[in-house]
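Let me begin by presenting the structure, written as structure tokens, before commenting on it.
All values below were derived from every heavy atom in this structure, side-chain atoms included, with hydrogens, water molecules and symmetry-related copies excluded.
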Amino acid sequence: TYAYNLLITACSKNGKYDDATLLFQEMQEEGLEPDRVTYNLMLSVYGVMGPWHRVTGLFDEMENRGIRPDEYTYDTLISACRRDSLCGEAIHIFNEMKAVGCKPDRVTDNSLLDLYGKSGHGDEALNTLQEMEKNGYLPNTVSYNTLISAYGRAGLYCEAIALKDTMLEKGIRPDVFTYSSLLSGCEKAGRPGKAMEIFKEMKDAGCTPNLCTYNSLIVMYGKKGEFEEMMKVFDEFRSNGYTPDIVTWNAMLSVFGQNGMHVELSQVFKEMKAAGFVPNRETFTTLICAYSRCGSVEQAMEIYSAMLKSGLCPDLSTYNAVLTALSREGLWRQAEKVLIEMRGGCCKPN
RNA sequence: UUUCCUAUCGCUGG
């Protein structure tokens, strides 16, 4: 069991969730009993894979086997609520946690903080922060970064920067998460100049940029239409020993789509595949939208077919991208068919 | 420290 737990941990850390699930089955076929750690691991895996009922199903199974949940279990469950913004569920779990004698700690609070931030409940997030201070759990780097991310998402980049300054005042060192989050926040708010200031501050503070940081910069330059600068970033991080990841590729596809650069778009997609990357759901959605913006519904729909053939399930964004692509060309009848398809699937049109 | 929390990519208007 210990060995399997190690293997499942490795798969989970590398995003190989299907492999983790297979290992979980395999160990039981071999007659090994999953323990609390195994269940905690798998709850986390199901949490990112969804759907939610799979998570609760596993939790029930765990209790039926007489394995008592611990703090890790509850923290994992609360964290899993983020996927579908299940704030009510999270509160419920939080209460159960206390009722069975597990003590919520700073990780629990940070998980709640993130859930509220990501689901647009800024007021609740601030309440949680105050609760933390009242309960003697001082906010740490993760707490601040979580809030900075929430502000950035809400377009409140000034507040985000102010919070970073608060960190400095309190002697909490901003890290690469802090700066990357701020970069993206400024970019989303349409303040690339501010973003560059942050990037400079980051380097002056001796904080080393990583792939996430570079990906943010690529998006920023791409949206500004500064492709030479964008490619410079691309080359720079490669020479620093980083390899583009799927986010980098998706970002470049998105940028060329937004600028209607059909040739470059196809070229980058080719390079991405040549580099051995398998398109994920976001890649497909990006491509559908990108080809449509380049004026090629045909290619957009080919991509959609390829996605279905690959076994990936379209989500709301995918369907909306397809609907947009068809509508741009006035293909109403096809669009209506997709809308029906959507209702038949797991997606409610918004 | 075999398990929990934070950053980077996708859909809509003009």
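Atom pair A:Met62:CE and B:C4:C1' shows a separation of 12 Å (rounding to whole Å applied). Atom OH in A:Tyr74 sits about 18 Å away from atom C1' in B:C5, given to the nearest Å. Rounded to an integer number of Å, the gap from CG of A:Leu58 to C1' of B:U3 is 13 Å. Residue A:Asn110 contributes atom CG, which lies 11 Å from atom P of B:C5 at whole-angstrom precision. Distance CE (A:Met27) to C1' (B:U3): 13 Å, rounded to an integer number of Å. As a whole-Å value, the separation of A:Arg36 CZ from B:C4 C1' is 13 Å. Between the C1' atom of B:U2 and the CG atom of A:Leu23 lies a distance of 13 Å, rounded to the nearest Å. Separating the CD1 atom of A:Ile78 from the C1' atom of B:U3 is a distance of 16 Å, rounded to the nearest angstrom.
At a cut-off of 3.5 Å, with distance as the only test, a side-chain donor of A:Asn240 or A:Tyr214 sits close to an acceptor on the other residue.
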Could you encode protein contacts along nucleotides 7-14 of chain B as a string, one character per nucleotide from 5' to 3', using B for base contact, S for sugar-phosphate-only contact and - for no contact, with a heavy-atom cut-off of under 4.0 Å?
BBBBBS--
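With C1' as the reference atom, B:U1 and B:C5 are 16 Å apart, rounded to whole Å. Going from the C1' atom of B:C9 to that of B:G13 covers 22 Å, rounded to whole Å. B:U8 and B:U12 are spaced 23 Å apart, taking the C1' atom of each and rounding to whole Å.
Under the 3.5 Å distance criterion, the side-chain polar atoms of A:Arg153 are left unmatched by any main-chain donor or acceptor of A:Lys118.
Under a cutoff of 6.0 Å and an axis angle of 45°, A:Arg54 and A:Tyr46 form a cation-pi pair.
When the ring pair (Phe, Tyr, Trp, His ring centres under 6.0 Å) test is applied to A:Tyr291, the partners found at least two apart in sequence or on another chain are A:His262.
With respect to A:Asn40, the side chain to side chain donor-acceptor pair (under 3.5 Å) criterion is satisfied by exactly one of A:Asp75, A:Asp35, A:Asp70: A:Asp70.
More than 12 non-hydrogen atoms from other residues, nucleotides or ligands lie less than 6.0 angstrom from NZ of A:Lys224.
Between A:Phe277 and A:Trp249, the ring-plane angle classifies as tilted under the 30° and 60° cut-offs.
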